[in-house]
Every structure is written in structure tokens, then in C-alpha cells.
Amino acid sequence: SVQDYFKALQEADQKLEYHFGDIVAMAGVQPNHAKIHAKIFITLGQCLEAKGCLIVGSDMLVKAGTCGNYYFPDLVIVCRKDEYETSPSG
């Protein structure tokens, strides 16, 4: 359940995602992935900031629409008002 996911997430020493009822541990990244991520983050960040958009990294937990899945994507781009929800544990 989502409640079990948030409890496990609080107790985990690694990032966990929630995929259609399954709690999935995320793997670490390799150096090349980290380099590509940094280049994209910097390049997009400069362009998007001028348009009033926000770009955040993989520490932002994202709920995927109405399907109820939760992810830690590499990048999140927000070009509208931010929407946040509180986890079941606060």
C-alpha cells in the first residue's frame, strides 16, 4: 500500500519508488550517468530559469498523475504553480 511505501521510505537508507503496488529499490548511478545528468541540468536550468520554470534533481519525489505511482526522476521541470502533497505520515 502507499502507506507501507511511505513507512519503508522513511526507514530506508536508499531511495525507493512505488510502481503499481510494488516497492522498488533504486540502483546507484555510474559516473557517466552523473556527468550527463549534470550537463543537462546546467544547460536546461539556464534556459528554463529565463522562462520562469523550476528544475530540480533526483531528490524530489514525484507522484505520477492519477495512477498513484511515486518516482525519483533524474530531473523534474515545473513551468506552472508547484503542487505538493503531504505524505501519510506527515
Side-chain angles (χ1 to χ4, degrees):
S1 73
V2 172
Q3 291 78 13
D4 292 336
Y5 166 68
F6 279 103
K7 185 173 191 274
L9 191 60
Q10 283 184 322
E11 297 170 357
D13 58 355
Q14 66 188 51
K15 291 180 184 173
L16 303 172
E17 292 186 335
Y18 187 74
H19 296 259
F20 299 101
D22 293 324
I23 298 172
V24 181
M26 294 188 59
V29 300
Q30 297 297 315
N32 282 340
H33 179 96
K35 289 176 190 175
I36 293 167
H37 178 266
K39 287 180 182 180
I40 292 172
F41 195 94
I42 291 167
T43 303
L44 284 177
Q46 292 171 343
C47 295
L48 293 170
E49 184 178 24
K51 298 182 182 298
C53 298
L54 171 69
I55 184 169
V56 294
S58 59
D59 290 330
M60 179 70 70
L61 180 63
V62 174
K63 181 179 181 182
T66 59
C67 65
N69 293 334
Y70 290 87
Y71 303 100
F72 285 98
D74 287 343
L75 296 172
V76 177
I77 299 170
V78 180
C79 293
R80 60 183 178 144
K81 185 179 181 323
D82 301 4
E83 296 179 29
Y84 299 98
E85 69 178 43
T86 305
S87 73
S89 59

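These values consider heavy atoms only, across backbone and side chains, with no hydrogens, waters or symmetry-generated copies.
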Can you name the nearest heavy-atom pair linking E17 to M26, along with the distance?
OE2-SD, 3.3 Å
Between L44 and V62, is there shared hydrophobic-cluster membership here, with clusters defined by ILVMFWY side-chain heavy atoms closer than 4.5 Å?
no
Checking ring pair (Phe, Tyr, Trp, His ring centres under 6.0 Å) between H19 and each of Y71, F72, Y70, which is the one that passes?
Y71
Any donor and acceptor pair, going by atom type alone, linking the side chain of N69 with main-chain N or O of F20 inside 3.5 Å?
yes
Would you check if the side chain of K15 reaches a backbone N or O of S58 as a donor-acceptor pair within less than 3.5 Å?
yes
To the nearest 0.5 Å, tell me how far Q46 CD sits from L48 CG.
10.5 Å
Shortest non-hydrogen contact between G68 and Y18, atoms and distance
O-CD2, 3.4 Å
Of all the heavy-atom pairs spanning P73 and M60, show the shortest one and how long it is.
CD-O, 3.8 Å
Taking everything shown except Q30 itself, do over 12 heavy atoms lie less than 6.0 Å from its CD?
no
Spatial distance of atom CD1 (I77) from atom SG (C47) [nearest 0.5 Å]
10.0 Å
Interatomic spacing from NE2 in H37 to CG in L75 - rounded to 0.5 Å:
4.0 Å
Heavy-atom pair with the smallest gap, counting every atom of Y5 and L61:
OH-CD1, 3.4 Å
Taking atom CG of L9 and atom CG of D4, what is their separation to the nearest 0.5 Å?
12.5 Å
Shortest non-hydrogen contact from A34 to V29?
CB-CG2, 4.3 Å
What heavy-atom pair brings L16 and A12 nearest, and what distance separates the two atoms?
CD1-CB, 3.7 Å
